[in-house]
Protein chains: 2
Amino acid sequence: MVTIKDVARLAGVSISTVSRVLNNNSHPVNSETKERILSAIEELGFYPNAIARGLQANKTKTIGLILPDIGNPYYPGIVRGVEDVAHELGYTLILCNADRSRERTQEYVRVLRENRVEGIIFTGGGIAQDAQQGNFSEKDAVATVVIGKHWSNLPSVQVDNVKAAREACEHLLSFGHRQIATVTGPESSTTARDRLEGYRQGLATLGLTEHPEWIILGDFEVDSGYRAVAQLPRLGREGITAIFAQNDLMAIGVINALQQRGMKVPDDVAVVGFDDIPLASFVTPKLSTVAIPVYELGMTAMKVLAKLLVGQETESVTILETKLELREST
Amino acid sequence: MVTIKDVARLAGVSISTVSRVLNNNSHPVNSETKERILSAIEELGFYPNAIARGLQANKTKTIGLILPDIGNPYYPGIVRGVEDVAHELGYTLILCNADRSRERTQEYVRVLRENRVEGIIFTGGGIAQDAQQGNFSEKDAVATVVIGKHWSNLPSVQVDNVKAAREACEHLLSFGHRQIATVTGPESSTTARDRLEGYRQGLATLGLTEHPEWIILGDFEVDSGYRAVAQLPRLGREGITAIFAQNDLMAIGVINALQQRGMKVPDDVAVVGFDDIPLASFVTPKLSTVAIPVYELGMTAMKVLAKLLVGQETESVTILETKLELREST
DNA sequence: CGTTTTCCGGAAAACGTTTTCCGGAAAAGG
DNA sequence: CCTTTTCCGGAAAACGTTTTCCGGAAAACG
């Protein structure tokens with residue numbers, strides 16, 4: 001490996017001087033010597049060792065991103081958002097797929113801390129708690145930003161799930177639907193609970209009574225949407241005419257199941273999803289859904305983290321706006 | 001930050017001894033002292049500084065992954081594959097979105113090298129060349145594995161695009177189609193060229209003559225598939241009855257355009273895609289396509305890289321099998 | 001009992017930087 | 001011409017580890 005020492009030798013100066021031109025330090029360096037050093041660097045193909053730098057400066061210019069699974073279509077957008085601003089700010093991104101496993105999460109947190117990342121961005125419900133537990137003693141915690149709702153007092157970037165879900169239901173109501181079913185996420189998910197609350201609030205606006213048998217427990221995966229349809233009482237006229245699936249994957253399952261039973265979407269049953277994953281505009285009929293600004297979520301989280309890192313004050317909660325994308329399924 | 005020195009002080013030993021228990025070095029340490037050290041570590045919440053370790057050992061246990069865009073549905077599977085085996089082997093993953101830009105690629109390569117990654121995995125055609133050029137003098141090159149075809153002599157993990165494309169066409173031919181159009185990728189892409197070659201070979205099996213006007217230039221994005229349809233001569237009976245889109249995104253564009261013109265897929269025109277991105281099974285009709293084992297591609301690339309890193313011999317080219325997924329669009 | 005092992009622990013160098021401190025020489029000021 | 005700056009460069013400490021080398025004490029051996 002070619003080091004600063006080699007450069008110094010070739011240029012006939014001390015390593016201090018090389019370091020100075022490397023970081024164009026305020027300490028003056030004769031322009032002629034600078035030239036010599038620069039061409040020595042060029043000739044040797046030298047590039048500085050970030051590890052050594054990191055050790056000395058105690059700064060690594062690296063951050064970690066922990067998420068459940070990059071394979072889930074919800075996350076790539078977030079990752080891209082984070083990475084884009086990280087890159088712009090000169091930060092390098094370490095990616096961790098924790099699969100919502102407490103164990104894997106804690107393991108990753110440890111690895112990230114060992115690698116002295118300057119900050120961590122978490123996403124994927126519930127995870128944040130695990131991360132805090134034990135791993136972070138209050139004093140030496142790594143700067144952390146969470147995407148999504150969570151109980152801790154870490155700064156977070158989120159979306160108003162209850163409001164968005166309410167709006168989705170109100171939209172359905174405004175189309176005359178009165179018997180609206182919903183497929184939820186897992187009970188453990190704050191997100192799922194919020195969306196359910198929004199659904200309830202939506203019905204409440206019109207003073208409609210709630211039917212427990214219209215609320216089907218799902219798990220945010222396609223299959224659970226598909227199966228949910230079978231658990232619903234009468235569908236179509238004289239029955240349920242609209243289904244609010246609490247994420248797009250389940251909405252797609254719902255649509256498939258509906259079509260398989262010969263029902264027309266949206267004529268017999270309207271369907272609205274949540275997330276606006278890329279898939280949503282490609283299914284037939286195109287899915288009406290609540291769009292979450294994933295890219296912006298990622299960008300914003302990284303911006304907040306960056307503020308934290310330079311010691312600036314940051315908003316403790318940032319809410320980004322969702323948008324109801326009306327397409328063909330309603 | 002709590003260091004090995006603090007642990008040593010608390011346990012009343014030298015840092016050498018602490019280091020020894022940390023790495024359970026072969027050098028013997030009295031079990032009683034070991035206990036003392038272990039509890040000191042526990043009490044202080046010490047964890048080793050990977051940066052310092054990396055500097056001393058000149059090993060970072062980190063690898064870089066450079067790809068065009070994690071937002072492209074083709075890549076998350078690869079990333080997951082890479083990360084899973086990297087994690088298993090104790091490697092940490094740095095993610096880089098290079099957007100197929102030569103400049104951005106070279107910049108990332110530099111960052112990765114500065115950060116002393118032990119290896120790099122490239123994917124996203126053309127990129128590999130940029131990476132080599134100038135950035136890697138032969139002697140101090142970072143171990144590199146490429147996913148996909150490329151001209152350099154770096155080890156690679158790939159799929160036989162020409163064979164797969166030929167099979168796709170032969171499938172169409174076996175269904176009686178004789179006028180088969182294709183939408184290609186950009187001319188600069190090796191992948192696109194291979195798939196085109198496969199298309200030609202497929203037609204050649206039956207001695208069919210090639211019609212240049214059936215070959216439409218695309219760019220692997222949805223829109224170009226959509227637009228391609230307008231450029232085709234007569235469609236349906238007495239015209240083109242099948243379209244081979246060289247990736248799924250374009251196939252979806254093709255299907256949309258076809259349906260918009262009132263044509264039925266596959267009754268009027270059959271469509272086959274390439275890649276089998278998650279989307280493919282959710283569009284209507286479900287897309288028949290050539291499945292690329294993305295996850296395995298990622299896993300295998302990381303395994304090859306790992307071999308390289310321990311100095312083992314590796315196969316210079318690894319070919320993974322594709323699979324023709326026949327669904328509803330053919 | 002003297003000699004050789006074995007067991008255990010510490011001191012110090014090294015990894016590649018940045019930065020602080022110091023000092024000589026030239027330039028500027030009087 | 002002497003003093004004070006300014007300009008430029010080097011030496012060395014420090015960052016947190018691992019590892020090599022060394023040495024004392026106890027144990028084993030003869």
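Computed from a predicted structure; not experimentally measured. A, B, ... follow the sequence lines: proteins, then strands. Residue 1 opens every chain.
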Is it true that [X] and [Y] have a side-chain N and a carboxylate O under 4.0 angstrom from each other?
X	Y	value
A:Glu107	A:Arg102	no
A:Asp84	A:Lys303	no
A:Arg104	B:Glu83	yes

Calculate the interatomic distance between [X] atom [atom1] and [N] atom [atom2]; express it in whole Å.
X	N	atom1	atom2	value
A:Lys5	C:dA14	NZ	P	8 Å
B:Ile4	C:dG10	CD1	P	12 Å
A:Glu32	D:dG9	CD	C1'	14 Å
A:Arg113	D:dG16	CZ	P	15 Å
B:Arg9	D:dG16	CZ	P	11 Å
A:Ile41	C:dG16	CD1	C1'	14 Å
A:Arg53	D:dT17	CZ	P	22 Å
A:Gln56	C:dT19	CD	C1'	7 Å

Out of [options], which has the shortest distance to the side chain of [X]?
X	options	answer
A:Arg20	C:dC8, C:dT20, C:dG16	C:dT20
B:Val13	D:dT17, C:dG10, C:dT18	C:dG10
B:Thr17	C:dG9, C:dG16, D:dG9	C:dG9
A:Thr3	D:dG16, D:dG9, C:dG16	C:dG16
B:His27	D:dG16, C:dT19, C:dC8	C:dC8
A:Thr33	C:dT18, D:dG9, D:dG16	D:dG9
A:Ser14	D:dA11, C:dT19, D:dT17	D:dA11
B:Pro28	D:dC21, C:dC7, C:dT17	C:dC7
B:Ile15	C:dG9, D:dT18, C:dT18	D:dT18

May I ask you to decide if A:Val117's main-chain N or O and A:Asn115's side chain share a donor-acceptor pair within less than 3.5 Å?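 Side chain of A:Asn115 to backbone of A:Val117: no pair is present.
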
Counting distance only, does the side-chain N/O of B:Arg80 pair as donor-acceptor with the main-chain N or O of B:Gly77 below 3.5 Å?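 Checking the backbone N and O of B:Gly77 against the side chain of B:Arg80, no donor-acceptor pair under 3.5 Å is found.
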
Over all strands shown, is A:Asn58 touching base, sugar-phosphate only, or nothing at heavy-atom distances under 4.0 angstrom?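 The answer is nothing, as A:Asn58 stays clear of every strand by at least 4.0 Å.
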
For A:Ser16, report the nucleic acid contact type (base, sugar-phosphate, nothing); a contact means any heavy atom under 4.0 Å.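 Base contact - A:Ser16 has a heavy atom under 4.0 Å of at least one base atom.
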
Go ahead and name the base partner of [N]; Watson-Crick or wobble counts if both distances stay under 3.5 Å, otherwise write none.
N	value
D:dC1	C:dG30
D:dA25	C:dT6
D:dG30	C:dC1

Identify, between B:Val29 and B:Ala57, the residue whose nearest nucleotide on DNA chain C lies closer to the 5' end.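 So the residue in question is B:Val29.
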
Can a side chain N or O of B:Asn49 be found less than 4.0 Å away from OP1 or OP2 on D:dC15?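 No, because none of the side-chain N or O atoms of B:Asn49 sits under 4.0 Å from OP1 or OP2 of D:dC15.
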
So, does B:Asn25 get its side chain near the phosphate of D:dT18, meaning an N or O under 4.0 Å from OP1 or OP2?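 Answer no for this pair, as no side-chain N or O of B:Asn25 is under 4.0 Å from OP1 or OP2.
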
Measure from the ring center of A:Phe122 to the ring center of A:His150 and say whether it is less than 6.0 Å.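 Ring centres of A:His150 and A:Phe122 not closer than 6.0 Å.
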
So does A:Arg116 reach the base of D:dG16 with its side chain, donor to acceptor, closer than 3.5 Å?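 No pair found.
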
